[in-house]
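This report refers to the structure that appears directly beneath it.
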Protein chains: 2
Amino acid sequence: MIKADKPQPFSANCPSREILELIGGKWSLLILCLLKAGPQRTGSIMRSVQGISQKMLTQTLRDLERSGIVTRKSYSEVPPRVEYSLTPLGETLSVLVLPFEQWVVDNYEQVIVAQARFDALHTEDSKNQDA
Amino acid sequence: MIKADKPQPFSANCPSREILELIGGKWSLLILCLLKAGPQRTGSIMRSVQGISQKMLTQTLRDLERSGIVTRKSYSEVPPRVEYSLTPLGETLSVLVLPFEQWVVDNYEQVIVAQARFDALHTEDSKNQDA
DNA sequence: CTGCATCCTTTTCGATACTG
DNA sequence: CAGTATCGAAAAGGATGCAG
């Protein structure tokens, strides 16, 4: 019989992995933040989230919709109008982002300094003048 | 003169983008959580975080170290021993993860249900039996 | 306007081999 | 044990064209 490793909260099948991928996407959190302000049309989101392509926008929104985070409301009009908004579940998730946003505001500079310092230490130029 | 779009908090040069990439990585948050428990050796982390490769582990740790989130302590021994731990800055970040972890615990099932429901609606098999 | 499919480039990641 | 370098596979992402 196989002696399994002790099960741990970081196992490959841990649910957090999937959620992590869901909100860990490059754009998910950004869109989530944006939708906190209220329903938005596709084009509006695209203009707001600079640098996102239409493909990624649709893909990310679909993913969020699939997971019950956002709702897609399509109006049968011409020209077509589609509005995305947070579901109640999405709202509970979006509020968690607030402290994180604040953390970025509070500590961004510190991170930049740390990065610059690290880069300097690991640059060849600096190893001749350590005194 | 060019009429620029109104500046928004989602601009491409927003600092949150970098931080998002930093902690949005597939493994960053996992390692962050793990280190909350205290300093860990490289091999130990690798065994805990199932599925991570040595390359990704080193890479992620380096990134976190560079940004001042974790500390790398190397003991000059044979065989080599390296321990990683959270910096004070890293600790402030790691506590933000707690509500998120709780959210996953509380809402994971709901997400799964939503996904299953979405998939069912978008599967060809189900469009013949909508009644 | 919105969204999907296709092609193609860039990036990411894992496996392997090797150094200290 | 810890870390780096290299290679090739795989995935992500952007651009374009087309459909509803």
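Residue numbers start from 1 in every chain, and the chains themselves are labelled A, B, ... in the order their sequence lines are given, proteins ahead of strands. None of these values were measured; they are calculated from a predicted model.
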What is the separation between atom CZ on R62(B) and atom P on dG3(D), rounded to the nearest whole Å? 7 Å

Is Y84(B) close enough to dG3(D) that one of its side-chain N or O atoms is under 4.0 Å from OP1 or OP2 there? yes

Check against side-chain contact (heavy atoms from CB on, under 4.5 Å), L20(B) and F100(A): CA-CA 10 Å; L20(B) 212 53; F100(A) 177 73; 4.0 Å; yes

Nearest-Å distance for atom pair NZ/P, residues K73(B) and dG3(D): 14 Å

Min side-chain heavy-atom separation Y84(B)-T42(B) under 4.5 Å: yes

Any L22(A) side-chain heavy atom under 4.5 Å of I69(A) side chain: yes

Interatomic distance where NZ belongs to K26(B) and P belongs to dA10(D) [whole Å]: 15 Å

Is it true that atom CD of E109(A) has more than 12 heavy atoms of other residues, nucleotides or ligands lying nearer than 6.0 Å? no

In whole Å, what is the span from the NZ atom of K55(B) to the C1' atom of dG3(D)? 13 Å

Outermost contacting nts on DNA chain C, any atom under 4.0 Å from chain B heavy atoms, listed 5' then 3', are dC13(C) to dG20(C)

Starting from C1' on dG14(D), measure out to CD on Q50(A) and report it in whole angstrom. 17 Å

pair V104(B)-V111(B): side-chain heavy atoms closer than 4.5 Å: no

Identify which one of V49(B), V82(B), L35(B) satisfies the side-chain contact (heavy atoms from CB on, under 4.5 Å) criterion when paired with Q40(B). L35(B)

Would you sort out whether Y108(B) and E18(A) count as a side-chain contact (heavy atoms from CB on, under 4.5 Å), showing the intermediate values? CA-CA 9 Å; Y108(B) 170 67; E18(A) 300 176 38; 3.6 Å; yes

Reported CZ-to-CZ distance for the pair F118(A) and R66(B), which is rounded to 0.5 angstrom: 7.5 Å

Beyond-backbone contact of W103(A) with L89(B), side-chain heavy atoms, under 4.5 angstrom: yes

Taking five pairs at each end, how big is the angle between the two axes of the helix from dC1(C)-dG20(D) to dG20(C)-dC1(D), to 10°? 40°

Would you kindly compare P80(B) and Q59(A) by the position of their nearest DNA chain D nucleotide and give the one closer to the 5′ end? P80(B)

Nucleotide dG3(D), atom C1' - distance to OH of Y75(B) in whole Å: 18 Å

Interatomic distance, Q54(A) CD vs dT16(D) C1' [rounded to whole Å]: 11 Å

Write down the distance between CD (E77(B)) and P (dC1(D)), rounded to a whole number of angstrom. 14 Å

